[in-house]
S.K.: 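Supplied in structure tokens, the structure appears directly below.
Reckoned from all heavy atoms, side chains included, excluding hydrogens, waters and symmetry mates. Position 1 is the first residue of the sequence; numbering continues from there.
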Amino acid sequence: MRVLPVGYKEIFTARGGDYNRAMRLCPGARETERRLLIDLLELNPGNVVCDVPAGGGYVAEGIEALGRNAAVVCVEPAAPFARGIAARFPRVVSTLDRIALQDDSVDRVASLAGLHHLDSKAAFAAEAERILRPGGRIAVADVSAGSDVARFLNGSVDRLSVTGHAGEFLARGELAALLTAAGYRDVVEREQHCQWVFPDFEVLLVFFRELFGLAGQSDRDVRAAVTGDLDVDVTADAVRVSWSLAYAAGSKPA
């Protein structure tokens, strides 16, 4: 019988290092997913952005690469995961139901694909509102309940991963409702397709094995999991995996 981690901090304490290795192997694989979130932030020059949970700083690096002249603070609950954050970004190891930042201290909050691991999504939304300055903006992206991605994560990944995967996904519309309940205004939500792109299947297999903690699984089993749950398009120049997330954003009243 497997004894599995149950919370975000425990899961990524166990496999945050593997996750970061995957992102270093193929940093552009999830570029569309990341760019869609950053665009929703509607950044202005000089903005202070909180990337939370930051993992290894993937969103922070994307904001930097766009040259938006924004300062990014990375907040991450799992210390081993946070070790992958580049030293040029301020790093805060903190719980997400009580973020270790001051009230009204940031202009934007960005959260990519971590919400489904949190026990209290409402507490996180409230904390993000607390640390935002009046008029500040939050952008969140996560997996929708009932989607192919949700079935892949709570099916194949749960069965094959060293940590399992029991994501608590929100139905479409619930992400916007969560932000509205926390006091945000002008909330929008939209399901977006954002293919993951790899140079070949060999890189894809290593990436999925590291990102999702599939250590010890054969190439055949990883390939079967990916192609069984997700649409995969193989061309002469790339391998593209279907992926989609719900993206939502809103503003703190000025």
Side-chain angles (χ1 to χ4, degrees), residues 12 15-16 18-41 51 54-66 84 110-117 139-161 163 165 167 169-170 172 175 189-215 217-249:
F12 290 105
R15 61 178 180 85
D18 294 341
Y19 193 109
N20 287 336
R21 279 193 294 274
M23 296 308 303
R24 288 194 295 269
L25 169 70
C26 200
R30 300 168 59 194
E31 177 56 33
T32 300
E33 174 186 313
R34 176 172 68 179
R35 181 60 183 268
L36 288 168
L37 181 75
I38 293 172
D39 286 348
L40 269 180
L41 290 172
D51 174 15
Y58 182 59
V59 171
E61 290 173 356
I63 291 172
E64 179 185 65
L66 289 172
S111 186
L112 179 60
L115 198 64
H116 63 270
H117 288 297
V140 181
D142 213 294
V143 178
S144 293
S147 66
D148 289 347
V149 176
R151 285 188 288 272
F152 169 68
L153 294 175
N154 279 8
S156 293
V157 173
D158 184 51
R159 177 170 52 87
L160 299 174
S161 174
T163 59
H165 196 287
F169 305 117
L170 295 176
R172 294 183 185 181
L175 192 53
E189 178 183 336
R190 183 179 180 184
E191 189 77 11
Q192 297 270 32
H193 294 285
C194 41
Q195 288 180 324
W196 290 8
V197 183
F198 305 90
D200 53 49
F201 230 108
E202 182 178 357
V203 172
L204 180 154
L205 293 175
V206 176
F207 185 91
F208 271 76
R209 184 179 287 111
E210 296 279 5
L211 195 79
F212 294 115
L214 308 181
Q217 303 299 331
S218 68
D219 284 354
R220 178 179 178 180
D221 286 343
V222 175
R223 185 176 187 130
V226 175
T227 59
D229 294 329
L230 304 168
D231 291 331
V232 180
D233 180 34
V234 182
T235 63
D237 64 334
V239 179
R240 296 174 175 84
V241 180
S242 64
W243 205 260
S244 66
L245 297 175
Y247 287 78

S.K.: Nearest heavy-atom pair of Ala150 and Ser144: which atoms, and what distance?
M.R.: CB-O, 3.4 Å
S.K.: Compare every heavy atom of Gly56 with every heavy atom of Glu61, then report the nearest pair and how far apart it is.
M.R.: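 Closest heavy-atom pair between Glu61 and Gly56: OE2-O, 4.3 Å.
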S.K.: Any sub-3.5 Å donor-acceptor pair from Gln217's side-chain atoms to Leu160's backbone N or O?
M.R.: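 Here the side-chain-to-backbone pair exists.
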S.K.: With the side chain counted from C-beta on, respond yes when Arg209 and Asp219 share a heavy-atom pair under 4.5 Å apart, and no when they do not.
M.R.: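 Yes, side chains in contact.
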S.K.: Quick one: salt bridge (charged side-chain N to carboxylate O under 4.0 Å, His left out) partners of Glu64, sequence neighbours excluded?
M.R.: Arg88
S.K.: Please identify each residue that fulfils ring-ring contact (aromatic ring centres under 6.0 Å, His included) with Tyr19, with sequence neighbours left out.
M.R.: Phe12, Phe81
S.K.: At their closest point, which heavy atom of Leu175 faces which heavy atom of Leu115, and how far apart are they?
M.R.: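 Looks like CD1-CD2, 3.5 Å.
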S.K.: Please examine the side chains of Leu36 and Leu245, heavy atoms only from C-beta on, and report whether any two atoms are closer than 4.5 Å.
M.R.: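 Result no, sub-4.5 Å side-chain heavy-atom pair not found.
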S.K.: Closest heavy-atom contact between Ile38 and Ile63?
M.R.: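 Smallest heavy-atom distance, with atoms named: CD1-N, 3.6 Å.
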S.K.: Where the side chain of Asp233 meets the backbone of Arg240, is there a donor-acceptor pair that is under 3.5 Å apart?
M.R.: no
S.K.: Verify, without hydrogens or angle tests, whether Tyr58 (side chain) and Leu112 (backbone) share a donor-acceptor contact under 3.5 angstrom.
M.R.: no
S.K.: Show the nearest heavy-atom pair for residues His165 and Val157, with the distance to one decimal.
M.R.: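 Taking every non-hydrogen atom into account, CB-CG1, 3.8 Å.
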S.K.: What pair of heavy atoms forms the shortest contact from Ala22 to Glu210, and how long is it?
M.R.: CB-CB, 3.7 Å
S.K.: Donor-acceptor pairs under 3.5 angstrom involving side-chain atoms of residues 195-205: please list them, not counting sequence neighbours.
M.R.:
residue, atom, partner, partner atom, Å
Trp196, NE1, Glu33, OE1, 2.8
Asp200, OD1, Glu202, N, 3.1
Asp200, OD1, Val203, N, 2.8

S.K.: Quick check: do Cys194 and Tyr247 have side-chain heavy atoms less than 4.5 Å from each other?
M.R.: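 SC-SC contact between Cys194 and Tyr247 confirmed.
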S.K.: Would you please name every residue forming a side chain to side chain contact (heavy atoms under 4.5 Å, CB included) with Ala139, sequence neighbours left out?
M.R.: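 Partners of Ala139 by the side chain to side chain contact (heavy atoms under 4.5 Å, CB included) criterion, ordered by chain and then number, come out as Leu37, Leu40, Leu41, Ala249.
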S.K.: Just to verify, what does Arg15 make a salt bridge (charged side-chain N to carboxylate O under 4.0 Å, His left out) with, not counting sequence neighbours?
M.R.: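 Residues passing salt bridge (charged side-chain N to carboxylate O under 4.0 Å, His left out) with Arg15: none at all.
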S.K.: Can you tell me how far CG of Leu25 sits from CG of Asn20, rounded to the nearest 0.5 angstrom?
M.R.: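 Rounded to the nearest 0.5 Å, the CG-CG separation comes to 12.5 Å.
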S.K.: Which value, rounded to the nearest 0.5 Å, describes the distance between Phe212 atom CZ and Phe152 atom CZ?
M.R.: 5.0 Å
S.K.: Mind checking whether Leu170 and His116 have side chains closer than 4.5 Å, heavy atoms only?
M.R.: no
S.K.: Taking salt bridge (charged side-chain N to carboxylate O under 4.0 Å, His left out) as the test, write out the residues that go with Arg151, two or more places apart.
M.R.: Asp148
S.K.: Please check if atom CG in Asp231 has more than 12 non-hydrogen atoms from other residues, nucleotides or ligands closer than 6.0 Å.
M.R.: no
